[in-house]
Amino acid sequence: MQPFIEEFQIEAFQRDLIQWFEREQRDLPWRKDSDPYKIWVSEVMLQQTRVDTVIPYFHQFMEQFPTLESLATADEEKVLKAWEGLGYYSRVRNLHAAVKEVKERYGGKVPDSAEEFSKLKGVGPYTTGAVLSIAYGLPEPAVDGNVMRVLSRIFLVEEDIAKVKTRKIFENIVRMIISHENPSYFNQALMELGALICVPGKPACLLCPVQAHCRAFAEGRQEELPVKTKKAKVKEVSIAAAVVMDKRGRILIHKRDQEGLLANLWEFPNCEVGKEQPQKELTAFLKKEYGACVELNSPFAALEHVFSHLVWNIVVYCGTIMGDIAETDRLKLVSEQEIQQLAFPVSHQRIWKEYKQFKQEGG
DNA sequence: AATACGTGGAT
DNA sequence: TATCCAAGTAT
């Protein structure tokens with residue numbers, strides 16, 4: 001890489017890349033203005049998430065929380081609901097906390113220094129570079145998976161991009177080649193190129209605006225890069241869940257712990273169970289944890305829910321609550337209407353859907 | 001450094 | 001069907 005960087009035509013590369021971006025960039029909703037708040041929200045939504053998935057969420061979020069101030073003063077329940085289904089929910093809890101911090105400490109203006117902006121919750125090296133370059137035009141590297149793939153090919157970098165520290169190698173490369181005239185377009189163009197042309201698997205090198213600058217293409221090795229080790233198989237967990245109703249027709253729901261998996265989202269009461277006596281274990285759990293005395297019927301559904309790092313095998317029971325339950329902040333009896341107002345993870349939306357279907361069929 | 005943290009689309 | 005993955009961050 002070292003000898004190659006010396007003969008690398010930096011200015012020609014910048015020109016070829018940025019001119020291509022000016023021609024070919026997609027019309028995306030967060031590219032309509034450079035409000036740092038909007039750029040920030042889009043970057044958080046886009047973390048580990050596809051553009052096509054983000055677009056409708058971004059529109060809805062901006063309608064509901066059009067300004068940093070409006071998000072800062074919103075109830076967390078509403079904020080989580082706006083994120084429902086997007087995944088990695090700590091992103092939005094961190095964003096909410098960070099926006100409050102900006103309102104309090106910086107008078108509502110998103111900091112324009114890496115030093116200050118990167119201290120905010122949920123703001124890491126990528127988001128720092130993305131917001132500072134795109135919203136403020138500062139020459140900071142914004143290295144995501146696209147950029148690592150593109151640059152690993154252009155400079156024939158064979159470091160394992162699955163390792164977190166490898167990102168620094170690419171940040172250093174970007175610092176050497178970034179356009180100081182237009183850091184925003186430079187960074188976005190690198191990512192756009194990774195998304196449209198320099199894709200995983202079989203890149204469209206014949207359409208690539210920087211083909212002439214690419215060392216991997218010159219050596220016919222573009223499909224060998226980037227190097228990325230794969231992760232081990234995920235763990236499977238057996239879960240028993242309960243959709244139980246009191247005599248007034250209200251459903252029992254529970255708010256999950258404030259940290260960890262699906263933090264602060266609502267769920268139907270459930271616990272991890274063994275293969276032997278899941279129904280018995282669930283009944284005992286409901287009594288012990290929630291003081292709920294319930295009679296469960298036979299399970300009406302079984303579903304598999306796959307996360308990035310584990311699999312839930314869920315068996316779902318319905319049943320009746322006998323006697324009274326003491327409601328708390330995290331334990332509620334709600335109508336079917338109220339369920340629609342609260343944020344549930346997709347796994348529990350599926351449980352609810354199965355339940356409705358079961359009832360419809362006369363269960 | 002390695003792992004936790006979601007979801008749905010692509011191949 | 002299986003695997004990979006998509007604009008990462010926190011711990």
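Here the structure is a predicted model, which is why all the values come from computation and not from measurement. Below, chains carry the letters A, B, ... as their sequence lines are ordered, and counting in each starts from 1. Note that these values count all heavy atoms, side chains included, but never hydrogens, waters or copies made by symmetry.
- Here C:dA6 presents its P atom at 16 Å from CH2 of A:W30, a figure rounded to the nearest Å.
- The aromatic ring centroids of A:F344 and A:W352 lie 6.0 Å or more from each other.
- When rounded to the nearest whole Å, the span between CG of A:L28 and C1' of C:dA6 equals 14 Å.
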Quiz item: What string of B, S and - do you get for nucleotides 5-11 of chain B, 5' to 3', if B is base contact, S is sugar-phosphate-only contact and - is no contact with any protein heavy atom under 4.0 Å?
Solution: BBBBB--
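- Atoms CE (A:M191) and P (C:dC5) sit 19 Å apart, rounded to a whole Å.
- Taking side-chain N and O atoms only, A:K121 has no distance below 4.0 Å to OP1 or OP2 of C:dA10.
- Separating the CZ atom of A:R26 from the P atom of C:dA6 is a distance of 12 Å, rounded to the nearest angstrom.
- C:dA6 and B:dC5: their P atoms are spaced 23 Å apart (whole Å).
- Between the side chains of A:S347 and A:E267, no donor-acceptor pair of N or O atoms lies under 3.5 Å.
- Each of A:R167 and A:K228 has a nearest nucleotide on DNA chain C; the 5'-most of these lies closest to A:K228.
- In terms of phosphate contacts, A:K163 brings no side-chain nitrogen or oxygen within less than 4.0 Å of OP1 or OP2 of B:dA1.
- Taking the P atoms as reference points, B:dG6 lies 26 Å from C:dT1, given to the whole Å.
- Taking atom P in both C:dT9 and B:dG8, one finds a spacing of 22 Å when rounded to whole Å.
- Taking side-chain N and O atoms only, A:R149 has no distance below 4.0 Å to OP1 or OP2 of C:dC5.
- Straight-line distance from the CZ atom of A:R93 to the C1' atom of C:dG8: 16 Å, rounded to whole Å.
- Between the CD atom of A:E43 and the P atom of C:dA6 there is a distance of 17 Å, given to the nearest Å.
- Taking the six-membered ring where the residue is Trp, A:W312 and A:H305 present tilted rings, their angle falling between 30° and 60°.
- If you check every strand for non-hydrogen atoms under 4.0 Å, A:T127 touches sugar and phosphate atoms only.
- Considering only the side chain of A:P200, C:dA6 comes nearest among C:dG8, C:dA6, C:dA10.
- For A:F170 and C:dG8, the CZ to P distance is 14 Å, given to the nearest whole Å.
- No engagement by A:R256 is indicated, since no non-hydrogen atom pair under 4.0 Å with the nucleic acid exists.
- Other residues, nucleotides and ligands contribute at most 12 non-hydrogen atoms within 6.0 Å of the NZ atom of A:K121.
- The CD atom of A:E69 lies 3.5 Å from the NZ atom of A:K103; values are rounded to the nearest 0.5 Å.
- For A:K81 (side chain) and A:Q340 (main-chain N/O), a donor-acceptor pair under 3.5 Å exists by modelled atom type.
- Between A:F8 and A:F155, a ring centre-to-centre spacing shorter than 6.0 Å is recorded.
- Remark: the A:E43 side chain and the A:Y126 side chain contain an N/O donor-acceptor pair separated by less than 3.5 Å.
- Whole-Å rounding puts the A:E192 CD to C:dA6 C1' distance at 14 Å.
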